[in-house]
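Reading through the structure tokens given below for one structure.
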Protein chains: 2
Amino acid sequence: MIVQQTAPTPDLPALFGALADPHRLAIVERLAAEGEKTVGELVAPFEISAPAISRHLAVLESAGVIERRVDRQWRKCRIRPDALAAVEGWVETQRRFWNASLDRLDRMLAEGPQAKTTDEEEKKR
Amino acid sequence: MIVQQTAPTPDLPALFGALADPHRLAIVERLAAEGEKTVGELVAPFEISAPAISRHLAVLESAGVIERRVDRQWRKCRIRPDALAAVEGWVETQRRFWNASLDRLDRMLAEGPQAKTTDEEEKKR
DNA sequence: TCATTAATTAATGTTTTTGTTAAATAATGA
DNA sequence: TCATTATTTAACAAAAACATTAATTAATGA
């Protein structure tokens, strides 16, 4: 039976949390810039231990930021671009809302001082 | 003396960290959607205490996500859109790198099997 | 088979984050 | 002045995050 593959609703706090650590952010940036890398290659530039990086990779994977595939004795990691798309989509949504609320404020101010929630009116109560 | 106001280089881990908590994310989304709000208005929808929200706001402010101004007995909070721009800029940079590395891979594959790092060659060693 | 390499899991300690309640600070307005 | 309202700070506890070293799992290849 074929199950329709739905893009899982991104857990945004988890997604942002995965990017909130400097080591993890550096890993993501390196994967984006250089493509697929083994765990060992990702460990190399850092001073922290391999187990520490291994756990960072687990965090990135469970947040959907990277995926891993097995290639003989290596685990190769790569970026999942839909994670980047999810972040970008969130930002755009916020910006759209933000612009809309600015527009509303503009209109209110343009309509003149009979509106109840302009700064002028607000000051009076 | 006038000091040139430079946009501070965003601390991306701090920025993502600020967005990594569900309460804080909800606050940011509300500010984006509804504009400036007092601390009390931001506290209202949540079940957690006012001091807890106050600290969340401090986290958001120190990461540059929001700013606060004093209006009589209230502190009004609003989004700093440049924080959103910083996130969006980072994502776009990563995507650009990612596309570039895809292009390199495409070219390598197109150039034929004499390249050393195609999957085919890689399998042999 | 067995030593080597690659990576993860286990056990553990420290630091950070997040929450609570109580107290402090500050502005309003009767 | 003084009670009220708005918000933050202090003191503290619980949970989560992040690191370490040691042990385990798994594949390679001599």
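Just so we're on the same page: letters track the sequence lines, and every chain starts at 1. Quantities reported herein were computed from a predicted structural model and do not represent experimental measurements.
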In whole angstrom, what separates [X]'s [atom1] from [N]'s [atom2]?
X      : N       : atom1 : atom2 : result
L57(B) : dT9(D)  : CG    : P     : 12 Å
I27(B) : dT18(C) : CD1   : P     : 11 Å
W74(B) : dT28(C) : CH2   : C1'   : 9 Å
E61(A) : dA7(C)  : CD    : C1'   : 13 Å
I66(B) : dT7(D)  : CD1   : C1'   : 13 Å
E41(A) : dA6(C)  : CD    : P     : 10 Å
D71(A) : dT5(C)  : CG    : P     : 18 Å
K76(A) : dA7(C)  : NZ    : P     : 10 Å

Nucleotide nearest T38(B) when distance is taken to its side chain, options dT7(D), dA27(C), dT28(D):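 For the T38(B) side chain, the nearest candidate turns out to be dT7(D).
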
Nearest-neighbour nucleotide for the R75(B) side chain, dT7(D), dA7(C), dA27(D) considered: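 For the R75(B) side chain, the nearest candidate turns out to be dT7(D).
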
Supply the atom-to-atom distance Q94(A) CD to E29(B) CD, rounded to the nearest 0.5 angstrom.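 Nearest 0.5 Å value for the CD-CD distance: 5.0 Å.
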
How long is the gap from CD1 on I48(A) to CZ on R55(A), to the nearest 0.5 Å?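 I48(A) atom CD1 to R55(A) atom CZ measures 11.5 Å (nearest 0.5 Å).
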
With a 4.5 Å limit on heavy-atom distance, are the side chains of [X] and [Y] in contact?
X      : Y      : answer
K37(B) : L31(B) : yes
V65(B) : L15(B) : yes
I66(B) : R80(B) : no
V87(A) : W90(B) : no

Check V39(A) against C77(A) and note the closest heavy-atom contact, atom names and distance.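 Where V39(A) meets C77(A) most closely, the heavy atoms are CG2-SG, 4.1 Å.
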
Think R68(B) has a side-chain N or O under 4.0 angstrom from the OP1 or OP2 of dT8(D)?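 For R68(B), the contact criterion (side-chain N or O under 4.0 Å from OP1 or OP2 of dT8(D)) is met.
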
Would R69(B) and E36(B) pass as an ion pair if we require N to O under 4.0 Å?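 Yes.
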
Pairs under 3.5 angstrom, nitrogen or oxygen only, protein versus nucleotides 17-20 of chain D, please.
unit_1, atom_1, unit_2, atom_2, d
dC18(D), OP2, R24(A), NH1, 3.1
dA19(D), OP1, H23(A), ND1, 3.0
dA19(D), OP2, H56(A), NE2, 2.3
dT20(D), OP2, S49(A), N, 2.9
dT20(D), OP2, S49(A), OG, 2.6

Tell me whether the rings of F16(A) and F16(B) are parallel (<30°), tilted (30 to 60°) or perpendicular (>60°).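 The arrangement is parallel - the two ring planes meet at less than 30°.
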
What's the angle between the local helix axes at either end of the helix from dT1(C)-dA30(D) to dA30(C)-dT1(D), using five pairs per end and rounding to 10 degrees?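 Here the helix ends are tilted 10° relative to one another.
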
